Structures are given as structure tokens and as C-alpha cells.
Amino acid sequence: MTMIRLYFVDNHPLVLEGLCSLLRSETDIELVGQTRHGQSCLSFLIDHSIDVILMDSILPDISGIDLCAAIKAKYPEVVVLGLSFFKERQYVTGMMDSGASGYVLKDADKEELLQAIHAVHAGQTYLSVDAAQAMNEEPRPAGKRYPHLTRREKEILLLIAEGYTNPEIAEKLFISATTVDSHRKNLLAKLNARNSAMLVKCAIDRKLLV
């Protein structure tokens, strides 16, 4: 029996805990490590052998898309399987174009997750149903609607537009600066903006600050 050395990279501690609990009993999967940060994953790869990486699309320090591209450039033998809450086309195609072998949504059950892990480890491509549909959609022209923003994301977006820094936003909303930074990265990804200035401009253009 071939053992699959599996590593998790996910922005959410509870998801990491859940994945470990879900897959720990599998006899052909060895859980070799986990992290919330892309740079930690790259450091781990220097001294450890990994077969499959389950990777979130949004991380605190680097996007999953950029991390996937960096890993595939340096360690082409490592297989990346995207695992995300987001099923919009830009996320799915971004990960696949960066070298991922598959993309699964976080609402998948254990059976589908195991199917995806075994498929990509065997050299196949695996897309969950919603991810496959997103891949087949036509790209949205400029001016069309964006993914849904949560209430907290809207609060933070408004404060960013008013010029507040992450620590200042954290103080106002009684949350950590790390949480603010994570929300900021989510906003950049959702609105396809490269920086805060572009984020604010996009928000104004789409009347998201009203």
C-alpha cells in the first residue's frame, strides 16, 4: 500500500483541526504537517518530502494562487489540491492556472475529499461539481457584480476607504490586527484589486461604500 504524505495549508485553525481529525484514521494517508502561512509551507518543503498539499486559496501572508505557483516552480513533483470556501471562477481558474491538480470546496464530505486526494495523487485532475461549473463559465465583463461581501468585510472596507490602518481598524472593531489583515486580503481577492488604492477605487465605482 502506497502512503500519501499529506500537508495542510489553511487560513482557519478550526479547518486545520477538522481536517486532521477527519483524515487521521486513514491507513494510507500520513499527515506530515500543517500551517496557516505560505512562507511556513515553503520552509517546510526545504527539509521534508510531501506528496499532496491541501491548500486554501486565501492565506494571511500570501495568496494560495501565488503559493501554488511558487511550489510548482521549485517542487514540480508536489501535487497541490485547492480547498476553499470560494467557488467563483477567478479563484478556481487562478489555482488551476498556477499548477494545482484539483479544487474542492470546503463543504465537501469526507468521501469526496478522499476521492479528490487519491485522484490527484494518482496524476488525475479533480474538480468538485461547483468548481467544474465555474471553470466552464464565461469570464464576467467589467461592471458585472462581484462576490458577496459579509457585513464585517463591508465595515472594514469603509474604514479602509476612510484611511484607517489595520491596527486602527482593529481597535475600532475590537478585533485583532491579524484578523483585519485577513479580511483585507479577502477583499483584495474578491474585488480583484492589487492594492488598497485600487480596492477603494473599485468599491467607489461599484457603489459598495454607500
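On a predicted model such as this, the values are computed, not experimentally measured, just so you know.
- Using a 4.5 Å cut-off on side-chain heavy atoms (C-beta onward), Val78 and Leu45 make contact.
- Judged by distance alone, with hydrogens and angles left aside, the side-chain atoms of Ser21 form no donor-acceptor pair with the main-chain N or O of Glu17 at under 3.5 Å.
- Under the 4.5 Å side-chain heavy-atom criterion for Ile, Leu, Val, Met, Phe, Trp and Tyr, Tyr7 and Tyr75 are members of the same hydrophobic cluster.
- Between His121 and Thr2 the shortest side-chain heavy-atom distance falls below 4.5 Å.
- A salt bridge is absent between Lys172 and Glu168; no separation between the charged side-chain nitrogens and carboxylate oxygens falls under 4.0 Å.
- Residues Thr179 and Ser176 have side chains that bring a donor and an acceptor to within less than 3.5 angstrom of each other.
- Taking all atoms of both residues into account, the shortest heavy-atom contact from Leu188 to Asn195 is CD2-O, 3.5 Å.
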Begin from the C-alpha positions of Phe8 and Leu23 and carry the test side-chain contact (heavy atoms from CB on, under 4.5 Å) through to its verdict.
-> CA-CA 11 Å; Phe8 302 140; Leu23 301 177; 3.9 Å; yes
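- In this structure, Asn186 CG and Lys190 NZ are separated by 6.5 Å, a value rounded to the nearest 0.5 Å.
- The shortest distance between side-chain heavy atoms of Glu155 and Leu173 falls below 4.5 Å.
- Placement of Leu19 and Ile53 in two distinct hydrophobic clusters is found when ILVMFWY residues are connected by side-chain heavy-atom separations under 4.5 Å, directly or transitively.
- The distance from the OG atom of Ser43 to the NE2 atom of His37 is 12.0 Å, given to the nearest 0.5 Å.
- Grouping the Ile, Leu, Val, Met, Phe, Trp and Tyr side chains by contacts below 4.5 angstrom, directly or via other members, places Leu81 with Leu22.
- When hydrophobic clusters are built by joining Ile, Leu, Val, Met, Phe, Trp and Tyr residues whose side-chain heavy atoms come closer than 4.5 Å, directly or via intermediates, Val9 is grouped together with Ile71.
- Atom CD of Glu111 has 12 or fewer neighbouring heavy atoms from other residues, nucleotides or ligands inside a 6.0 Å radius.
- A donor-acceptor contact shorter than 3.5 Å links the side chain of Glu153 to the backbone of Thr150.
- Using cut-offs of 30° and 60° on the angle between ring planes, the pair Phe85 and His12 is perpendicular.
- Of all heavy-atom pairs between Ser57 and Tyr91, the closest is OG-CD2, 4.3 Å.
- Between atom CD of residue Gln34 and atom CZ of residue Phe44 there is a gap of 10.5 Å, rounded to the nearest 0.5 Å.
- At distances below 3.5 Å, at least one donor-acceptor pair connects side-chain atoms of Thr93 with backbone N or O atoms of Arg89.
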Is there a side-chain contact (heavy atoms from CB on, under 4.5 Å) between Lys106 and Leu83 once you walk through the steps?
-> CA-CA 6 Å; Lys106 288 185 179 179; Leu83 181 68; 3.9 Å; yes
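- The backbone N or O of Ser84 lies less than 3.5 Å from no partner atom in the side chain of Asp56, so there is not a single donor-acceptor pair.
- Using a 4.5 Å heavy-atom threshold, the side chains of Phe86 and Ile58 count as touching.
- The nearest pair of heavy atoms linking Val200 to Ala161 is CG2-CA, 3.8 Å.
- Considering all non-hydrogen atoms of both residues, Ser101 and Val120 come closest at O-CG1, 3.6 Å.
- Between the side chain of Ser98 and the backbone N or O of Ile65, at least one donor-acceptor pair lies under 3.5 Å.
- Residues Leu54 and Val104 fail the side-chain proximity criterion, which asks for heavy atoms closer than 4.5 Å.
- Using modelled atom types, one side-chain atom of Lys185 and one backbone atom of Pro60 make a donor-acceptor pair closer than 3.5 Å.
- Rounded to the nearest 0.5 angstrom, Asp130 CG and Tyr103 OH are separated by 10.5 Å.
- Contact check for Arg152 versus Ile175: side-chain heavy atoms found under the 4.5 Å cut-off.
- Residues Ile62 and Gly38 approach most closely at CG2-CA, 3.6 Å, considering heavy atoms.
- With respect to the salt-bridge test (charged N to carboxylate O, under 4.0 angstrom), the residues Asp61 and Arg36 do not qualify.
- For the atom pair Arg151 CZ and Ile156 CD1, the distance stands at 10.0 Å (nearest 0.5 Å).
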Do Asn166 and Thr178 pass the side-chain contact (heavy atoms from CB on, under 4.5 Å) test, and can you show the C-alpha distance, the side-chain angles, and the key distance before you say yes or no?
-> CA-CA 8 Å; Asn166 281 8; Thr178 301; over 6 Å; no
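- Side-chain atoms of Asn11 never come within 3.5 Å of backbone atoms of Leu59 as a donor-acceptor pair (strictly under, hydrogens ignored).
- For Lys72, there are no side chain to side chain donor-acceptor pair (under 3.5 Å) partners, not counting sequence neighbours.
- Around the CD atom of Glu171, the shell of radius 6.0 Å holds no more than 12 heavy atoms that belong to other residues, nucleotides or ligands.
- Listed by chain and number, the residues in a side chain to side chain donor-acceptor pair (under 3.5 Å) with Tyr126 are Glu112 (sequence neighbours excluded).
- Two different hydrophobic clusters hold Leu6 and Leu42 under the rule that ILVMFWY side chains link at heavy-atom gaps under 4.5 Å.
- Closest of all the heavy-atom pairs between Met95 and Gly82 is CE-CA, 3.9 Å.
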Distance-only check: which donor-acceptor pairs under 3.5 Å involve side-chain atoms of residues 26-33, not counting sequence neighbours?
from: Glu26; atom 1: OE2; to: Lys110; atom 2: NZ; distance (Å): 3.1
from: Asp28; atom 1: OD2; to: His118; atom 2: NE2; distance (Å): 2.6

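- In this structure, Gln90 contributes its side chain and Leu191 its backbone to no donor-acceptor pair below 3.5 Å.
- Between Thr125 and Met96, some side-chain heavy-atom pair lies under the 4.5 Å cut-off.
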Check step by step if side-chain contact (heavy atoms from CB on, under 4.5 Å) holds for Thr35 and Leu16.
-> CA-CA 8 Å; Thr35 184; Leu16 289 173; over 6 Å; no
